[in-house]
Amino acid sequence: MTSVARHRLPNLTASHLRKWLFCLCVAFLSAACEVVETPLKLAGQTMGTTWHVTLIAPAGFFVDDIEPQIEDILGRVNAEMSTYQADSQIVRFNRQAPGVWFPVSRDFLRVLETALDVGARSGDAYDVTVAPLVDIWGFGPADAAIMPPSEEAIESALDRVGQDRLQLDAEHGRIMQREAVSLDFSSVAKGFAVDRIAEMLQQQGIDRFMVEVGGEIRLSGLSGRGDLWRIAIERPDASARSVVQPISLTDVAIATSGDYRNFFQLDGQRYSHMIDPRTGRPVAHDLVSVTVVHPSCMVADAWATALAVIGADRAMALAQEQALAVYFIRRVGDKLVHNYTPLFSAYLEENDDTGKQAGI
């Protein structure tokens with residue numbers, strides 16, 4: 001026969017009982033306050049790179065549906081904006097004959113309008129019709145270049161570049177090539193995907209997260225430690241990954257652009273994937289890394305590219321004109337020279353070895 005142990009409260013006076021209940025409540029509340037929240041971490045591959053999401057879900061939240069929704073968003077962005085997918089919306093538009101309206105999605109139009117705005121504000125240093133130049137320099141979906149293109153090829157490609165060749169009809173969700181052009185959203189699509197994932201999480205009631213796609217990041221609320229998220233600005237070094245400056249921040253996005261990861265060398269000359277759409281050639285100045293903090297990751301992504309193309313002196317002036325928080329790194333000889341706009345100073349930490357990985 002099973003033995004059942006029975007436990008009873010000892011004989012207590014009313015005063016003792018009130019004290020006992022009070023202590024029980026205090027113990028319960030103290031335990032609740034000491035609960036350590038373990039972040040949920042998700043990851044995958046997209047756009048030729050990786051994505052990571054770290055989130056702290058509210059108590060009782062059912063998270064199993066979050067990863068499929070993330071994958072769905074990334075899949076739709078790829079289907080609309082990837083030049084590596086033969087049937088994507090952007091590739092089909094690029095094949096479209098001039099003078100014919102082409103229907104596009106609301107997201108596509110949103111990205112294009114943002115890109116055109118940054119292009120205009122940057123004096124055409126940023127231009128999403130740069131695709132012909134990207135292709136001839138070997139940084140597009142075709143095979144990588146083994147040598148620089150000829151002057152004739154550069155001039156021919158330049159004849160097909162210029163955002164004034166586009167016409168938008170936002171009311172009816174369509175765009176048209178006035179003259180033959182090809183779009184390239186590689187400098188803005190990842191940032192847009194980050195924003196879309198962040199919007200989805202917020203709609204689900206999740207307000208503490210870090211979303212990262214290919215190095216572009218958006219943050220919300222507090223980290224799993226209960227403090228600001230700690231992010232590392234990477235040292236611009238193609239041979240190794242290390243931290244050059246840790247920053248602490250939340251409720252913003254961060255995007256970095258630089259010339260130190262994607263390039264080729266020939267006869268001692270280095271050719272960066274950062275193409276200046278005004279000259280048709282890779283940038284050759286000493287500005288090697290630009291980090292932009294902005295409420296929108298899409299906007300930060302576009303501005304990081306624009307400022308990296310412009311070069312250090314003009315980029316600093318333009319960033320301040322546009323009220324942007326930006327961190328610049330120049331390579332002068334064998335040294336790295338750092339500078340930042342006044343708005344960026346709020347995010348700086350003491351320079352040490354902490355924060356080597358985003359969000360730790």
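Atoms considered below: every heavy atom in the structure, side chains included; atoms not considered: hydrogens, waters and symmetry mates.
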> Can you check whether Leu168's main-chain N or O pairs, donor with acceptor, with Trp101's side chain at less than 3.5 Å?
Replying inline: no

> Considering only heavy atoms from C-beta outward, does the side chain of Leu133 approach that of Val130 to under 4.5 Å?
Replying inline: yes

> Quick one: are Pro236 and Leu336 in side-chain contact, heavy atoms under 4.5 Å?
Replying inline: yes

> Can you tell me how far the CD1 atom of Ile247 sits from the OH atom of Tyr340, to the nearest 0.5 Å?
Replying inline: 12.5 Å

> Shared ILVMFWY cluster between Leu343 and Ile233, side chains joined below 4.5 angstrom?
Replying inline: no

>> Name the residue from Ser156, Pro148, Pro149 that meets the side-chain contact (heavy atoms from CB on, under 4.5 Å) definition with Ile136.
In response: Pro149

>> Give me the atom names and distance for the closest heavy-atom approach of Ala319 to Val326.
In response: CB-CG2, 3.8 Å

>> Can you see whether Ser187 engages Tyr126 through a side-chain donor-acceptor pair at a distance of less than 3.5 angstrom?
In response: yes

>> Quick test of your reading of the model: are Glu171 and Arg106 salt-bridged, counting only N-O distances below 4.0 Å?
In response: no

> Within the distance-only criterion (no hydrogens, no angle test), does the side chain of Ser88 pair as donor or acceptor with the backbone N or O of Ser82 below 3.5 angstrom?
Replying inline: yes

> Between Asn78 and Thr46, do the side chains contain an N or O donor and an N or O acceptor separated by less than 3.5 Å?
Replying inline: yes

>> Looking at Gln45, I want to see if its CD is surrounded by more than 12 non-hydrogen atoms of other residues, nucleotides or ligands under 6.0 Å.
In response: no

> Should Phe209 and Ile66 be marked as a side-chain contact (heavy atoms from CB on, under 4.5 Å) after you check the CA-CA gap, both sets of side-chain angles, and the distance that decides it?
Replying inline: CA-CA 12 Å; Phe209 57 77; Ile66 294 297; over 6 Å; no

>> Whether Glu155 and Arg160 form a salt bridge (side-chain N of Lys/Arg under 4.0 Å from carboxylate O of Asp/Glu) is what I want to check.
In response: no

> What are the two closest heavy atoms between Val309 and Pro277, and how far apart are they?
Replying inline: CG1-CD, 4.3 Å

> Can you tell if the side chain of Pro39 reaches within under 4.5 Å of the side chain of Leu55, non-hydrogen atoms only?
Replying inline: no

>> If you define the side chain from C-beta out and look only at heavy atoms, does anything of Leu324 sit under 4.5 Å from Thr341?
In response: no

> Taking 4.0 angstrom as the limit, do Arg278 and Asp124 come out as a salt bridge?
Replying inline: no

> Under 3.5 Å, is there a donor-acceptor pair between the Gln322 and Arg121 side chains?
Replying inline: yes

> So, do Phe192 and Arg110 sit near enough that their side-chain heavy atoms are less than 4.5 Å apart?
Replying inline: yes

>> Does Arg174 form a side-chain contact (heavy atoms from CB on, under 4.5 Å) with Val104? I'd like the steps, not just the answer.
In response: CA-CA 5 Å; Arg174 58 185 187 169; Val104 295; 5.7 Å; no

>> Using 0.5 Å steps for rounding, measure from the CG atom of Asp313 to the CG atom of Leu318.
In response: 12.5 Å

> Hey, what do you get for CZ (Arg225) to CZ (Arg230), rounding to the nearest 0.5 Å?
Replying inline: 6.0 Å

>> I'd like to know whether the aromatic ring centres of His338 and Phe328 sit less than 6.0 Å apart in this structure.
In response: no

>> Show the nearest heavy-atom pair for residues Gly221 and Trp229, with the distance to one decimal.
In response: O-NE1, 3.2 Å

>> Give me the atom names and distance for the closest heavy-atom approach of Ala193 to Leu74.
In response: CB-CD2, 3.9 Å

> Are Val111 and Met298 close enough that some pair of their side-chain heavy atoms sits under 4.5 Å apart?
Replying inline: yes

> Which of these passes side-chain contact (heavy atoms from CB on, under 4.5 Å) with Met210: Val53, Thr250, Ile231?
Replying inline: Ile231

>> Show the nearest heavy-atom pair for residues Lys41 and Thr54, with the distance to one decimal.
In response: CG-OG1, 3.8 Å

> With distance as the sole criterion, is a donor-acceptor pair present between the side chains of Gln177 and Gln167 under 3.5 Å?
Replying inline: no

>> Between Gln69 (side chain only) and Glu71 (backbone N and O only), is there a donor and an acceptor less than 3.5 Å apart?
In response: no

> Ignoring hydrogens and geometry, is there a side-chain-to-backbone donor-acceptor pair from His172 to Pro103 under 3.5 Å?
Replying inline: no

>> My understanding is that only one of Ile70, Leu219, Val194 makes a side-chain contact (heavy atoms from CB on, under 4.5 Å) with Val211; could you say which?
In response: Val194

>> Could you go through Phe108 and Phe185, starting from their C-alpha distance and side-chain angles, then the distance that decides it, and tell me whether this counts as ring-ring contact (aromatic ring centres under 6.0 Å, His included)?
In response: CA-CA 10 Å; Phe108 192 106; Phe185 283 171; 5.0 Å; yes

>> Could you measure the distance from the CE atom of Met176 to the CG atom of Leu166? Nearest 0.5 Å is fine.
In response: 9.5 Å

> Is Leu348 reachable from Ile329 through a run of I, L, V, M, F, W or Y residues, each pair having side-chain heavy atoms under 4.5 Å apart?
Replying inline: yes

>> Taking Val91 as the starting point, is it possible to reach Tyr84 by hopping between hydrophobic residues whose side chains are less than 4.5 Å apart?
In response: no

> Thinking salt bridges, do Asp107 and Arg196 make one under a 4.0 Å N-O criterion?
Replying inline: yes

>> Would Ile175 and Phe93 count as a side-chain contact (heavy atoms from CB on, under 4.5 Å) here? Give the steps.
In response: CA-CA 9 Å; Ile175 60 177; Phe93 172 76; 3.5 Å; yes

> Counting distance only, does the side-chain N/O of Arg208 pair as donor-acceptor with the main-chain N or O of Ser223 below 3.5 Å?
Replying inline: yes

> For Asp286 and Arg330, what are the C-alpha separation, side-chain angles and deciding distance, and is it a salt bridge (charged side-chain N to carboxylate O under 4.0 Å, His left out)?
Replying inline: CA-CA 5 Å; Asp286 62 4; Arg330 298 165 55 212; 2.9 Å; yes

> Just wondering, are more than 12 heavy atoms of other shown residues or ligands nearer than 6.0 Å to CG in Asp72?
Replying inline: yes

> Relative to the ring of Phe344, is the ring of Tyr347 parallel (under 30°), tilted (30 to 60°) or perpendicular (over 60°)?
Replying inline: perpendicular

>> Side chains of Ser105 and Glu80: any donor to acceptor distance under 3.5 Å?
In response: yes

> If you take all heavy atoms of Ile154 and Gly280, which pair is closest and at what distance?
Replying inline: CG2-O, 3.8 Å

> With side chains defined as the heavy atoms from C-beta onward, is the minimum distance between Thr83 and Val134 less than 4.5 Å?
Replying inline: no

>> Between the side chains of Asp195 and Arg218, is the shortest nitrogen-to-carboxylate-oxygen separation below 4.0 Å, so that they form an ion pair?
In response: yes

> Looking only at atom types and distance, does a side-chain atom of Asn94 sit under 3.5 Å from a main-chain N or O of Leu183, one as donor and one as acceptor?
Replying inline: yes

> Going by atom types alone, do Asp184 and Ser186 pair a side-chain donor with an acceptor below 3.5 Å?
Replying inline: yes

> Taking atom types as modelled and ignoring hydrogens, do the side chains of Asp207 and Ser220 form a donor-acceptor contact shorter than 3.5 angstrom?
Replying inline: no

> For Val181, does its backbone N or O pair with a side-chain atom of Arg165 as donor and acceptor, under 3.5 Å?
Replying inline: no

> Quick one: CD on Gln163 to CG on Asp117, what's the gap to the nearest 0.5 Å?
Replying inline: 9.0 Å

> Taking the side chain as C-beta and beyond, is there a heavy-atom pair between Met316 and Gln320 under 4.5 Å?
Replying inline: yes

> What do the steps show when you test Ile254 against Leu249 for side-chain contact (heavy atoms from CB on, under 4.5 Å), and what is the final call?
Replying inline: CA-CA 10 Å; Ile254 313 103; Leu249 63 182; 3.7 Å; yes

> Which value, rounded to the nearest 0.5 Å, describes the distance between Ile217 atom CD1 and Thr291 atom OG1?
Replying inline: 9.5 Å

